[in-house]
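Take a look at the structure below.
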Amino acid sequence: MKRMDFRQTIAGEIGKVLGDQFGDESLSTSDIAALLEVPPDTAMGDYAFPCFRLAKALRLAPPVISDKLKDALHAPFLARVDSIKGYLNIFIDRATYAREVLSEALSAGDQYGASGEGNGKTILLDYSSINIAKKFHIGHLSTTMLGNALYKMHKFRGYDCVGINHLGDWGTQFGKMICAYKKWGDKGTVEAGGVDEMVKLYVRFDQESEHDEALADEGRAWFKKIEDGDPEALDIFNWFKAVTLKDAERVYDMLGVKFDSYAGEAFYNDKMGRVLDELRAKNLLVESDGAQVVDLEAFSMPPCLIVKKDGATLYATRDLAAALYRMDTYHFTKCLYVVAYQQDLHFRQVFKVLELMGYDWHEDMEHVSYGMVSYEGQALSTRKGHVVYLEDLLNTAIEKARAIIEEKSPDLPDKDAVARQVGVGAVVFFDLYNNRIKDIDFTWDRALNFDGETGPYVQYTHARCCSVIRKSEGEMGKPDFAALADPEAQDVVRLIEQFPGIIKSALERSEPSMVTRFSVDLAQAYNKFYYERRILDEDLAVRAARLLLTEVTRNTVKIALNLIGIDAPERM
RNA sequence: GCACCUGUAGCUCAGCAGGAUAGAGCGUCCGCCUCCUAAGCGGAAGGCCGUGAGUUCGAAUCUCGCCAGGUGCGCCA
């Protein structure tokens, strides 16, 4: 059931009155709809029409216009229209409003807020992009969870999504690692210890090669072997990859994150020639200090390095190759790179080079940048041990959740499962709570906070809704929507109405935090309603209406949490 | 030096395709469980929205300058 679109309908009515009363037809219905505002306070109505802009054209003071509109505006679904200080405040009949919004949301069920706007379109998302033989730490959380959320949100709006973990699996360090492994390593130890063991080998190599030139040369030689496709080198290298991915998979499983492709840096090794050929053919390559670059001075950017003095290709070359390959393979509508803002210049350069190459789809590339993570005020440093590993963080959060459950809900079934959902939810929520551009200074007490605007708070509200519904024992009379006319219920209804628009804006801005924030707003509004109004009322019609509101809130909270990659337990 | 980003309550931040009295959480102080989950709810205190100009009927929001912090700027990725 498609509910009445209040904004459009009201805009149409205002348009009619403007024509009748002032002979003004300069504004179309959609113009007026865009001008309509949602007032800061429910007491000021559901929609407001500011008359200031009309003042000049009509040569009348705004309050005069709003007064006249107030007298002329009538519609059956309008409860009241006020004229205050040049604003036309429009009050929709509260029962009608609640009925329309809730019926729509209820019939949409777990698809409330979904749409088909992305049907037939493909979105590529490049996120997480872990490095081989490195541990997953809190610095990798944002790219992973932002990418995951954007993936789910796009999917919900009908897009086909391709999640790419662009592995950092190329570089001289892997030659060193193989060398170290051959000298001091042991298959069983690495197999059992995973990335930790590989890191140990690498650190030892680094230390010993500092005063051993021969060793450094040996490392370089092993990298050359990888490049040349030497079977032994490749075997070991691919095994390193498998071990790293197995370690990472454990964390990805905890976070509920998946990928459709693991094509990383190494994958593009044999695809660089095309980039060079095209750049040359298009006369974009110039020599500079022995290197080949694309000059971007005209765009006030430093040159984009394509080929080193020694003939080797670079980061930008690889990203160009990847972009061409991805377009050929997936014919994407958009390609999002969820990468920290340090690489802002890099992506601006790469996108500009694509433009200069004549690809109009350069406009469909977007760098979804996010802020840096520091730890208790200092930069993360694996070397200095100033680092928090993701697995440790998640496990600590789960333990804390488990302890709280033991204390507050000792009879809860599936304690472990719920502790996982809540602990992980707290961490993920913390990561997706602020605008992505903000730097995050990680502190344990903030990341593990379960009170206030946190994942557990929103999950708790969801569990509370579930609990009320369970207690109602399915007693659903015919709802009396007039019972939802109180301000607390209306605030909840209004938020629910806004949800589909929130998802849309969040996608337009590639900003999952808008959904996170929404989940808090809705939870707060519902909790207030919960305390002010008795849901399981004796009056069955009132009870049915409040239960319906509870049901729709539960659905909406769950959808919002799921979109940002968080589970919604039914009890906690 | 140049480029990009950020500056809002003690702290962490919403609000920024201009609109009505600038909001929330944390922390502090004070209340609320014989009643649907107190991981909750209510109240108090706390603000020249970095700063100066400009645009506008109207600026936290747009423009320019300045100040402060972060990040990046040729052969790493």
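If you're wondering where the values come from, they're calculated on a predicted model, not measured in any experiment.
The glycosidic torsion of C35(B) lies more than 90° away from 0, which places this base in the anti conformation. Base orientation of A17(B): syn, the glycosidic angle falling within 90° of 0. Base orientation of G74(B): syn (glycosidic angle within 90° of 0).
Aromatic rings from W170(A) and F223(A) are positioned such that their centres are separated by under 6.0 Å. Remark: aromatic rings of H362(A) and F351(A) are distant, center separation not under 6.0 Å. Here the two rings, on F518(A) and F499(A), have centers that are under 6.0 Å apart. Between Y457(A) and Y460(A), a ring centre-to-centre spacing not shorter than 6.0 Å is recorded.
Listed pair Y315(A) / A77(B) fails the phosphate criterion, with no side-chain N or O lying under 4.0 Å from OP1 or OP2. Under 4.0 angstrom from either OP1 or OP2 of C57(B) there lies no side-chain N or O belonging to K85(A). For the OP1/OP2 pair of C41(B) and a distance below 4.0 Å, the side-chain nitrogens and oxygens of Y457(A) include at least one atom meeting the criterion. Phosphate contact (OP1/OP2 of A38(B), side-chain N/O of R464(A), threshold under 4.0 Å): present. Within the structure, a side-chain polar atom (N or O) of N527(A) is placed less than 4.0 Å from OP1 or OP2 of C41(B). Using a 4.0 Å cut-off, no side-chain N or O of K308(A) falls inside it from OP1 or OP2 of G74(B).
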Original post:
What does nucleotides 60-73 of chain B look like as a protein-contact string, B for base, S for sugar-phosphate only, - for none, at under 4.0 angstrom between heavy atoms?
Top reply: ----------SSSS
Original post:
With the sugar-phosphate defined as primed atoms, P, OP1 and OP2, and the base as all remaining atoms, what B/S/- string results for nucleotides 27-35 of chain B, 5' to 3', for protein heavy atoms under 4.0 Å?
Top reply: --------S
Original post:
Reading nucleotides 42-47 of chain B 5' to 3', which nucleotides get B (base under 4.0 Å from a protein heavy atom), which S (sugar-phosphate only), which -?
Top reply: S-----
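Applying the ring-ring contact (aromatic ring centres under 6.0 Å, His included) rule to F136(A) yields the partners H140(A), Y252(A); only residues at least two apart in sequence or on another chain are considered. Residues satisfying the side chain to side chain contact (heavy atoms under 4.5 Å, CB included) criterion with P50(A), sequence neighbours excluded, are E37(A), F52(A), Y87(A). K241(A) pairs by the salt bridge (Lys or Arg N to Asp or Glu O under 4.0 Å) definition with D169(A), not counting sequence neighbours. The ring-ring contact (aromatic ring centres under 6.0 Å, His included) search around Y268(A) returns H166(A), Y325(A), not counting sequence neighbours. The ring-ring contact (aromatic ring centres under 6.0 Å, His included) check on Y127(A) picks up F259(A), with sequence neighbours excluded. K415(A) is linked by a salt bridge (Lys or Arg N to Asp or Glu O under 4.0 Å) to E406(A), counting only residues two or more places apart in sequence or in another chain.
Of all nucleotides listed (C11(B), A14(B), U37(B)), U37(B) comes nearest to the side chain of S467(A). Comparing A20(B), C75(B), U37(B) against the side chain of Y460(A) picks out U37(B) as the nearest. Out of U12(B), A39(B), C16(B), the shortest distance to the side chain of R446(A) is found at U12(B). Of the candidates A14(B), A20(B), G40(B), the closest approach to any side-chain atom of N435(A) belongs to A14(B).
With the 3.5 Å cutoff on both pairing distances, Watson-Crick and G-U pairs in RNA chain B assemble into runs of at least 3 at B:1-7 with B:67-73, B:10-13 with B:23-26, B:28-32 with B:40-44, B:50-54 with B:62-66.
Taking atom CZ on R220(A) and atom P on C76(B), their separation rounds to 12 Å, with Å as the unit. Counting to the nearest Å, the C1' atom of G15(B) and the CE atom of M514(A) are 11 Å from each other. The distance between atom CG of D344(A) and atom P of C2(B), rounded to the nearest whole Å, is 18 Å. Here C16(B) presents its C1' atom at 16 Å from CG of N434(A), a figure rounded to the nearest Å. Here C36(B) presents its C1' atom at 14 Å from CZ of R571(A), a figure rounded to the nearest Å. For the pair L88(A) CG and A20(B) P, the interatomic distance rounds to 17 Å; values are reported in whole Å. Distance R436(A) CZ to C5(B) P: 12 Å, rounded to the nearest Å. Computed from coordinates, the K352(A) NZ to A3(B) C1' distance equals 14 Å when rounded to whole Å.
Nucleotides G52(B) and G70(B) have their C1' atoms positioned 24 Å apart, rounded to a whole Å. Comparing C49(B) with A3(B), their C1' atoms are spaced 27 Å from each other, to the whole Å. Straight-line distance between the C1' atoms of G50(B) and U6(B): roughly 11 Å, to the nearest whole Å. Atom name C1', nucleotides C2(B) and A60(B): the rounded distance is 29 Å, in whole Å. If you take atom P in C32(B) and the same atom in A38(B), they sit 16 Å apart, rounded to whole Å. The same atom, C1', is picked in U61(B) and in A22(B); the two are 11 Å apart, to the nearest Å.
Using a 4.5 Å heavy-atom threshold, the side chains of L167(A) and S129(A) count as separate.
Each of A523(A) and M44(A) was matched to the nucleotide of RNA chain B holding its nearest heavy atom; the match closer to the 5' end belongs to M44(A). Residue whose closest nucleotide on RNA chain B sits further toward the 5' end, between I440(A) and V293(A): I440(A).
E511(A) comes within 4.0 angstrom of no nucleic acid atom, judged by non-hydrogen atoms across all strands. E407(A) comes within contact range of no nucleotide atom at all, as no heavy-atom separation falls under 4.0 Å.
Test E287(A), K309(A), K308(A) against Q292(A) for side chain to side chain contact (heavy atoms under 4.5 Å, CB included) and you get one pass: E287(A).
Cation-pi geometry between R446(A) and F430(A) is not met at under 6.0 angstrom from the ring centre and within 45 degrees of the axis. Judged by the 6.0 Å and 45° rule, K400(A) forms a cation-pi pair with F450(A).
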Subject >> side chain to side chain contact (heavy atoms under 4.5 Å, CB included) between Q421(A) and D416(A), worked out >> reply: CA-CA 9 Å; Q421(A) 291 177 311; D416(A) 287 327; over 6 Å; no
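A salt bridge does not link D491(A) to R494(A): none of the charged side-chain nitrogens sits closer than 4.0 Å to a carboxylate oxygen.
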Give me, pair by pair, the N or O atoms of the protein and of nucleotides 6-9 of chain B that are less than 3.5 Å apart, along with how far apart they are.
{"unit_1": "U6(B)", "atom_1": "O3'", "unit_2": "K438(A)", "atom_2": "NZ", "d": "3.3"}
{"unit_1": "G7(B)", "atom_1": "OP1", "unit_2": "K438(A)", "atom_2": "NZ", "d": "3.1"}

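Listed by first and then second residue, the ring-ring contact (aromatic ring centres under 6.0 Å, His included) pairs that reach into residues 286-320 of chain A are Y315(A)-H346(A), sequence neighbours excluded.
The aromatic rings of Y526(A) and Y530(A) sit tilted, their planes meeting at an angle between 30° and 60°. The aromatic rings of Y337(A) and F347(A) sit tilted, their planes meeting at an angle between 30° and 60°.
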